[in-house]
Amino acid sequence: MRALRSGTAAAVVLFAFMVCCVAARQNSSAERIRVIPNEAERRVDILIDGQPFTSYIWPEKLAKPVLYPLRTAKGTIVTRGFPLEPRPGERIDHPHQAGLWLNYGNVNGFDFWNNSEAIKPEDALKMGNIRHRAVTLTKSGADQGALEIEADWISGRQQLILKDHTRFIFRGAANFRSIDRITTLQALGEKVVFPDDKEGVLGMRVARALEAPSDKPEVFTDATGRPTTVAKLENAGVNGIYLTSEGKKGEAAWGTRGRWCNLSGRVGDEPVTITILDHPANPGFPTFWHARGYGLFAANPLGQKIFTNGKQELNFTLAPNQSVTFRYRILISSQFLTPEQSESVYKDFLAAYR
């Protein structure tokens, strides 16, 4: 009888252990994509299959919150380190270009795009800051994770111009990572004008390997004429190339419209394609691509004058209390995407947000 009782007890223990293992596997599957807030450190970390993908951060050092860094499914970092974590051999121009962000070069006369620690004190009143206010939702899951935040667009004179509500959706599998960014900007009691400007709207700064090879230094100016010199660097391993939905390739992609744009290149031994997808419901669709060989990859639907040599102009305006929503998908593939594959990805994006 004792032996029977002992055997029964062992069976019960074994059964309980098996149930716990199954539950653990189910729980792990249910939270394969984890969104982990850490507001004390001013960040929310996104992990996929236990590996870091990106983080939503709002450090004091930056004049806006960003996603930084971005990684492939294999863990390869595809964004520049400077100014947050400088790496040997990379460019140190444009300190306002860090990670992945959304802002604009002229909102009611204030420059939100170019603001950084490099701005002279006498120019601070002309700049704008986007201040993170709250994480309103974090949700982990088997197929996707979600993050919602609220932020304020504040002028250099400390006036609240816009309320920002952004929803991020994170997905990933063995050969890709993706981010959907849905940002709603709401005017308050006064009209908000986005004068036509080339600096905007969704932007990211990529790793050195994804830049285009360059054999000369260049100087770029912003809307106010401030120059930034982009130096010539060693081109070993630098192999990035743009391709738009309209077939514009390399340097020819800049200043042209398209539904999507790819940036492809090898980062080390890994083939990588970063795709930014524009949505038909966005203002100014299809967007202009502010895609520079030195590593700035941006979609600008609100600046048209410079891209058309003055033939088109859009001074987008929100009436008091009116809002506008921007919808984008950023796909990071561990392969070189063909135009046909990119079109298929684009159709999936449209189906998600009809």
Side-chain angles (χ1 to χ4, degrees), residues 28 31-38 41-59 62 64-91 97-102 138-147 149 166 168-181 202-211 237-242 261-277 295-298 328-337 341-342 345 349:
S28 175
E31 293 194 350
R32 193 177 66 82
I33 301 175
R34 300 181 63 201
V35 181
I36 306 169
N38 187 344
E41 295 189 9
R42 305 172 73 90
R43 63 190 295 127
V44 180
D45 296 320
I46 294 83
L47 280 67
I48 299 181
D49 295 325
Q51 299 302 313
F53 168 33
T54 189
S55 298
Y56 169 81
I57 62 173
W58 57 99
L62 298 181
K64 57 186 175 291
V66 301
L67 292 181
Y68 172 89
L70 297 178
R71 299 176 177 87
T72 69
K74 300 181 186 303
T76 301
I77 293 177
V78 297
T79 43
R80 180 177 71 163
F82 180 81
L84 297 172
E85 298 171 318
R87 304 182 197 121
E90 68 179 9
R91 298 187 188 274
Q97 296 177 3
L100 174 74
W101 69 90
L102 188 150
T138 58
K139 186 176 182 180
S140 302
D143 299 319
Q144 65 182 42
L147 167 66
I149 65 93
T166 294
F168 297 98
I169 301 294
F170 305 100
R171 300 182 182 89
N175 66 343
F176 82 90
R177 296 287 186 261
S178 73
I179 302 159
D180 291 356
R181 176 170 185 148
L202 178 81
M204 65 183 300
R205 185 65 188 263
V206 300
R208 175 73 177 133
L210 292 171
E211 295 178 16
V238 177
N239 65 138
I241 188 165
Y242 292 107
C261 184
N262 287 340
L263 174 57
S264 299
R266 286 190 179 275
V267 183
D269 295 330
E270 183 177 0
V272 174
T273 301
I274 303 174
T275 308
I276 299 179
L277 306 155
L296 171 65
F297 187 10
Y328 296 102
R329 175 169 291 175
I330 301 91
L331 174 68
I332 305 171
S333 305
S334 295
Q335 60 179 316
F336 296 138
L337 287 192
Q341 289 171 319
S342 300
V345 167
F349 178 47

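Sequential numbering from 1 along the given sequence is applied to the chain's residues.
- Taking every heavy atom of both residues into account, Phe336 and Ser264 meet most closely at CD2-CB, 4.0 Å.
- With rounding to the nearest 0.5 Å, the separation of CD1 in Ile332 from CZ in Phe176 is 11.0 Å.
- When all heavy atoms are compared, the tightest approach of Ile77 to Ala207 is O-CB, 4.1 Å.
- Between Gln335 and Gln341 the shortest side-chain heavy-atom distance falls below 4.5 Å.
- Summarising the geometry of Val345 relative to Arg329, their closest heavy-atom pair is O-NH1, 4.5 Å, with the distance given to 0.1 Å.
- Using a distance-only test at 3.5 Å, with no hydrogens or angles considered, a donor-acceptor pair links the side chain of Thr54 to the main chain of Pro69.
- Proximity of a side-chain donor or acceptor of Asn239 to a complementary backbone N or O of Ala209 within less than 3.5 Å is detected.
- When all heavy atoms of Met204 and Leu70 are compared, the closest pair comes out as CE-CD1, 3.7 Å.
- Across every non-hydrogen atom of Trp101 and Lys64, the tightest pair is CG-CE, 3.4 Å.
- Arg171 and Asp180 are joined by a salt bridge, as a carboxylate oxygen and a charged side-chain nitrogen come within less than 4.0 angstrom of each other.
- Using cut-offs of 30° and 60° for the angle between ring planes, the Phe168 and Tyr56 rings count as tilted.
- Within the 4.5 Å cutoff, no side-chain heavy atoms of Arg80 are placed close to those of Arg208.
- Taking every heavy atom of both residues into account, Arg32 and Gly172 meet most closely at NH2-O, 2.8 Å.
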